[in-house]
Amino acid sequence: MDKTMNRRAMLQAAGLMTAGTVAGCALPVGASDRVKTPFAVAQTLVPIVGSSEMFPVRRIYCIGRNYAAHAREMGSDPNREPPFFFQKPTDAVQYVAPGTTADHPYPALTKNYHYEIELVAAIGKGGRNISIERALDHVFGYAIGLDMTRRDLQRGMGDQKKPWEIGKSFDRSAPMGPIHPVASIGHFEKGTIWLKVNGQQKQNSNLQMMIWSVAEQISKLSEAFELMPGDVIYSGTPENVGPVVAGDVMEGHIDRLPNLSVRIV
Ligand code: MN
């Protein structure tokens, strides 16, 4: 590259940087349409019920040990633990249309692959230090989801005091149904949540059993991170998590949402 070209490229880059947001090099929403890239990177989009629009997923947050009985089965004391969060990569989403059973490949490296059925809250309005009282105003809608977990890898890393990412944050680890807007479905403070494997009941609880409500989760998360539209929050799983193997069909349920059906292949 000659010096003229180099200078031009630098000026273009500087122009883009100026146009960027304060958040590192990220371009403003919509600006990427005008930028040439050497290859395309897929955006994660989830259908919105009753709309032709799709929900663009920005980040996936998950809360850990948010039902007391599940916290106990994981070996911790639910009474003394403040909420803690981890993330999955955005492209971990595997969309599952209601009325269908999605094939979900058994992942690499694990011999103990676990289901965790969870309510998912989708954020439509961002913010920092959001009060518990105003937190639900930030919710766009809700979905049913699975926080699939390579339990042996998660535990192994935990035992070594290493990040448990490999157990939680891998390809297709976040199956989820469509997003139901609050405008049509309201909020979810109570309601049955269950999971069956091959028709047999495994998990069975109520959203009321959450230690930290969705509103409290949003408030707490927003102290640590600026929440943005497109963020989704997996709100934790009840007790009796367990393994699945190839051939198993999982059916998840949350009152007022269509069931989620996934087959391990
Ligand atoms: Mn979970």
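The structure displayed is predicted, hence computed values, not measured ones.
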Self-check item: Beyond-backbone contact of L146 with H104, side-chain heavy atoms, under 4.5 angstrom
Solution: no
Quiz item: Are N240 and Q201 close enough that some pair of their side-chain heavy atoms sits under 4.5 Å apart?
Solution: no
Practice problem: Evaluate whether atom CD of E165 has more than 12 neighbouring non-hydrogen atoms of other residues, nucleotides or ligands under 6.0 angstrom away. | Solution: no
Quiz prompt | Test item: R128 and S222 side chains (from C-beta on) under 4.5 Å apart, heavy atoms | solution = no
Quiz item: So do the side chains of M176 and L260 get within less than 4.5 Å of each other, counting heavy atoms only?
Solution: no
Quiz item: Can you find a heavy atom in the side chain of C62 that is under 4.5 Å from one in the side chain of I60?
Solution: yes
Quiz item: Is I144 reachable from V244 through a run of I, L, V, M, F, W or Y residues, each pair having side-chain heavy atoms under 4.5 Å apart?
Solution: yes
Quiz item: Once you round to the nearest 0.5 Å, how far does CD1 of I233 lie from CD1 of I63?
Solution: 9.0 Å
Quiz item: To the nearest 0.5 Å, how far apart are CD1 in I179 and CG in L257?
Solution: 11.0 Å
Self-check item: V232-F188 co-clustered via ILVMFWY side chain contacts under 4.5 Å
Solution: no
Practice problem: Inspect the surroundings of CE in M209 and state if more than 12 heavy atoms from other residues, nucleotides or ligands are less than 6.0 Å away. | Solution: no
Quiz item: Do the side chains of V245 and I264 get nearer than 4.5 Å, heavy atoms only?
Solution: no
Practice problem: Indicate, with yes or no, if V182 and I123 share a hydrophobic cluster defined by side-chain heavy-atom contacts under 4.5 Å among Ile, Leu, Val, Met, Phe, Trp and Tyr. | Solution: yes
Practice problem: Please name the residue in the list K125, K88, R58 that meets the salt bridge (Lys or Arg N to Asp or Glu O under 4.0 Å) test with D231. | Solution: R58
Practice problem: Examine distances only and state if a side-chain atom of T237 and a backbone atom of I117 form a donor-acceptor pair shorter than 3.5 Å. | Solution: yes
Quiz item: Say you draw a straight line from CD of E189 to CD of Q208; how long is it, rounded to the nearest 0.5 Å?
Solution: 9.5 Å
Quiz item: Should the ring pair Y106 and Y113 be called parallel, tilted or perpendicular, given that the plane angle runs from 0 to 90° and is split at 30 and 60?
Solution: perpendicular
Quiz prompt | From K168, R172, R65, residue fulfilling salt bridge (Lys or Arg N to Asp or Glu O under 4.0 Å) relative to D147 | solution = K168
Quiz item: Should R150 and P107 count as side-chain neighbours, where that means a heavy-atom distance under 4.5 Å?
Solution: yes
Quiz item: So do F170 and L153 actually touch side chain to side chain, heavy atoms under 4.5 Å?
Solution: no
Quiz item: About how many Å separate CD of E118 and CG of L195, when rounded to the nearest 0.5 Å?
Solution: 11.0 Å
Exercise. Applying ring-ring contact (aromatic ring centres under 6.0 Å, His included) between Y61 and each of F225, F84, F86, report the one that passes.
Key: F225
Exercise. Answer yes or no: does atom CG of N198 have more than 12 heavy-atom neighbours from other residues, nucleotides or ligands under 6.0 Å?
Key: yes
Practice problem: Say whether, by atom type as modelled, one donor and one acceptor occur between the side chain of S169 and the main chain of Q87 under 3.5 angstrom. | Solution: yes
Quiz prompt | Main-chain N/O of S235 paired to N66 side chain as donor or acceptor, under 3.5 Å | solution = yes
Quiz item: For the hydrophobic clusters of this structure (ILVMFWY residues joined by side-chain heavy atoms under 4.5 Å, transitively), does one cluster hold both M54 and V93?
Solution: no
Self-check item: Common cluster, L227/Y234, ILVMFWY with side-chain heavy-atom separation under 4.5 Å
Solution: no
Quiz item: How many angstroms lie between CD in Q217 and CD1 in I130, if you round to the nearest 0.5 Å?
Solution: 12.5 Å
Quiz prompt | Contacts of R134 that satisfy side-chain hydrogen bond (donor to acceptor under 3.5 Å, both in side chains) - sequence neighbours left out | solution = D137
Exercise. Would you give the length of the straight line joining atom CD1 of I218 to atom NE2 of H138, rounded to the nearest 0.5 angstrom?
Key: 8.0 Å
